[in-house]
Amino acid sequence: MIEIDIRLARPGGFSLQADFTVPNAGVTALFGRSGAGKTTIIQAVAGVVRPDEGRIAVDGETFFDAARGIDVPIEARRVGYVFQEARLFPHLSVEKNLRYGERRSRAAERPIAFDAVVELLGIGHLLTRRPHTLSGGERQRAAIGRALLAQPRLLLMDEPLASLDEARKAEILPYLERLRDRMGLPILYVSHSVDEVLRLADTVVALQNGRQVARGPVAEAMARPEMVPIVGRFDVGALLDCTVARHDPAYALSSLAFAGGELRVPQVDLPVGAPVRARVRARDVALALAKPADVSVSNLLPAIVEEIRLQEGPYADVMLKVGEGRLTSTITRESVERLALRPGLALWAMIKSVAVDSRNPDFGAPG
């Protein structure tokens, strides 16, 4: 496990209180808006920032303990750090930048091989080039490779896509998925992007103004009402783990099976049985008391109202159980009264739009 229980205050009034334990496996996203304290946390894990109080431990080894006077030096913590900017050595080729990371580790402790990293990140054709000749996405892939070849026990990624335009983000995201799925290396991933978190993360710790407001598996945490101030009223929703059930080439559609039934979505380029993650925003779920007929919406699912949360202003969040799955619908408070909604009521959920991301490590990967 990764155990973080720290407090610190800085001039200007900023203070951070973080207390959470997350798996030492997969991707844990530290999620929140700018100034929430995300980067400060991973800097404390790396040893760059010293908390005023508390404790940090990774896989049973204490990195920091204020009460016991323990503060393990940065170089002894064996963590890899990927910054927003690639920070490659400009006078060295890509290969020499990678070899620099490799030289930071002892030859006897190199389970992550040079050739494997080059193949994983698709940078074999870049090895002889200097950083100034690379695109932003290529530089960031080389920086990730350098961090991996230092043989870290934990990889810290500080908004690695924040400085890239949308095209470069689309280029690098499949490589991050491959890193997550193939390397078996725990990652603390800082981001303010909902799409990145939903696509990459297994666990989420959400932060606001130096305090954590939610924590847990990504599908559960991102659907909580506490996320509204961070995500925004109309981006809160459910995340469903699905598998590809069938394809309908005549209409360019695919059917995705999940614990609550099936969803029809634009065709995905994956074989039947492949895992996918479907995101259903609460704003895209409408409700009907009787099964609708003669409507354009193709996703109609029987559901049970579990809870109704009235919000400030005109809106209400209706929490639904759909088979073994769960959805949220954001409607008006007037609609709640007009339909006489209550916990336990059976109705129909009409899903107007579904966003789909792959959980296949090779999906979308160039080459």
Side-chain angles (χ1 to χ4, degrees), residues 166-167 169-178 180-181 193-202 217-220 222-223 231-232 234-305 318-331 346-367:
E166 291 305 314
K169 288 180 183 180
E171 168 196 318
I172 199 172
L173 270 167
Y175 292 103
L176 295 182
E177 290 178 312
R178 295 170 78 180
R180 172 198 64 202
D181 295 329
S193 166
V194 175
D195 290 336
E196 286 176 38
V197 170
L198 295 182
R199 183 163 175 174
L200 296 172
D202 303 293
V218 63
E220 174 189 322
M222 295 299 282
V231 176
F234 296 107
D235 276 328
V236 169
L239 201 63
L240 305 174
D241 287 319
C242 308
T243 56
V244 178
R246 69 187 66 85
H247 298 296
D248 188 349
Y251 295 103
L253 295 171
S254 297
S255 295
L256 309 181
F258 73 106
E262 288 191 356
L263 297 171
R264 295 269 281 175
V265 302
Q267 187 165 326
V268 296
D269 187 19
L270 287 171
V272 171
V276 292
R277 182 176 271 179
R279 180 186 181 196
V280 182
R281 291 181 176 88
R283 66 181 181 183
D284 290 327
V285 181
L287 303 178
L289 297 181
K291 185 175 184 179
D294 302 323
V295 294
S296 62
V297 177
S298 58
N299 287 307
L300 306 174
L301 298 172
I304 303 292
V305 176
V318 182
M319 323 305 288
L320 305 169
K321 186 172 184 182
V322 183
E324 296 302 314
R326 283 173 170 77
L327 295 173
T328 301
S329 174
T330 295
I331 60 176
L347 42 65
W348 289 85
M350 301 183 293
I351 302 173
K352 295 175 282 185
S353 177
V354 180
V356 177
D357 283 318
S358 166
R359 298 298 283 174
N360 184 311
D362 291 314
F363 174 61

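The shown structure was predicted, so the numbers you read here are calculated from the model rather than taken from an experiment. Every heavy atom of this structure was used, including side-chain atoms; hydrogens, water molecules and symmetry mates were not.
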Novice: Side chains of Leu240 and Leu263: does their closest heavy-atom pair fall under 4.5 Å?
Specialist: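 Yes, at least one pair of side-chain atoms sits under 4.5 Å.
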
Novice: Kindly determine whether Leu173 and Leu200 satisfy side-chain contact (heavy atoms from CB on, under 4.5 Å), including the steps that lead there.
Specialist: CA-CA 8 Å; Leu173 270 167; Leu200 296 172; 3.9 Å; yes

Novice: Run Val244 and Leu256 through side-chain contact (heavy atoms from CB on, under 4.5 Å) and show every step you take.
Specialist: CA-CA 5 Å; Val244 178; Leu256 309 181; 4.1 Å; yes

Novice: If you compare all heavy atoms of Ala259 against all heavy atoms of Gly325, which two are closest, and at what distance to 0.1 Å?
Specialist: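 In terms of heavy atoms, the two residues are closest at CB-N, 3.9 Å.
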
Novice: Who are the salt bridge (Lys or Arg N to Asp or Glu O under 4.0 Å) partners of Glu166, not counting sequence neighbours?
Specialist: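 Result, salt bridge (Lys or Arg N to Asp or Glu O under 4.0 Å) vs Glu166: Lys169.
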
Novice: Once side chain to side chain contact (heavy atoms under 4.5 Å, CB included) is applied, do any residues pair with Thr328, and if so which ones, sequence neighbours excluded?
Specialist: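 By the side chain to side chain contact (heavy atoms under 4.5 Å, CB included) rule, Thr328 matches Ala282, Asp317, Met319.
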
Novice: Do you know which two heavy atoms are closest between Ala201 and Val218, and how far apart they sit?
Specialist: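 Looking at all heavy atoms of both residues, the closest pair is O-CG1, 3.4 Å.
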
Novice: Flag the pair Phe258 / Leu301 as yes when at least one side-chain heavy-atom distance between them is below 4.5 Å, and no otherwise.
Specialist: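 Yes, at least one pair of side-chain atoms sits under 4.5 Å.
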
Novice: Looking at every heavy atom in both Ala303 and Val322, which two are closest together, and how far apart are they?
Specialist: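 For Ala303 versus Val322, the nearest heavy atoms are CB-CG2, 3.8 Å.
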
Novice: Using 0.5 Å steps for rounding, measure from the CG atom of Asp181 to the CG atom of Leu176.
Specialist: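 Spacing of CG (Asp181) from CG (Leu176) equals 11.0 Å.
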
Novice: Give, for atom CG of Leu300 and atom CD1 of Ile351, the distance between the pair rounded to the nearest 0.5 Å.
Specialist: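 Answer for the CG-CD1 pair, Leu300 versus Ile351, is 9.0 Å.
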
Novice: Checking Ser254 now: which residues fulfil side-chain hydrogen bond (donor to acceptor under 3.5 Å, both in side chains) with it, not counting sequence neighbours?
Specialist: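 Ser254 satisfies side-chain hydrogen bond (donor to acceptor under 3.5 Å, both in side chains) with His247 only.
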
Novice: Would you indicate whether Lys352, at its atom NZ, is surrounded by more than 12 heavy atoms from other residues, nucleotides or ligands within a distance under 6.0 Å?
Specialist: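 Counting neighbours around NZ of Lys352, more than 12 heavy atoms of other residues, nucleotides or ligands fall under 6.0 Å, so yes.
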
Novice: How far apart are the closest heavy atoms of Arg180 and Arg199, and which atoms are they?
Specialist: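 For Arg180 versus Arg199, the nearest heavy atoms are NH1-O, 2.9 Å.
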
Novice: What pairs meet the salt bridge (Lys or Arg N to Asp or Glu O under 4.0 Å) rule with one or both residues in residues 246-261, with sequence neighbours excluded?
Specialist: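 Qualifying pairs, neighbours excluded: Arg246-Glu262, Asp248-Arg264.
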
Novice: Measuring only between side-chain heavy atoms, which start at C-beta, is Ser329 closer than 4.5 Å to Met350?
Specialist: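 Heavy-atom side-chain distance check fails, nothing below 4.5 Å.
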
Novice: Only counting residues at least two apart or in another chain, list the ones meeting side chain to side chain contact (heavy atoms under 4.5 Å, CB included) with Pro302.
Specialist: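 With neighbours one apart ignored, the set is Trp348.
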
Novice: For the residue pair Leu320 and Val305, establish whether any side-chain heavy-atom pair is separated by less than 4.5 Å.
Specialist: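 Yes, side chains in contact.
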
Novice: Salt-bridge test for Asp195 and Arg279: reply yes if a basic N is under 4.0 Å from a carboxylate O, no otherwise.
Specialist: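 Counted as a salt bridge, because a side-chain N and a carboxylate O are separated by less than 4.0 Å.
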
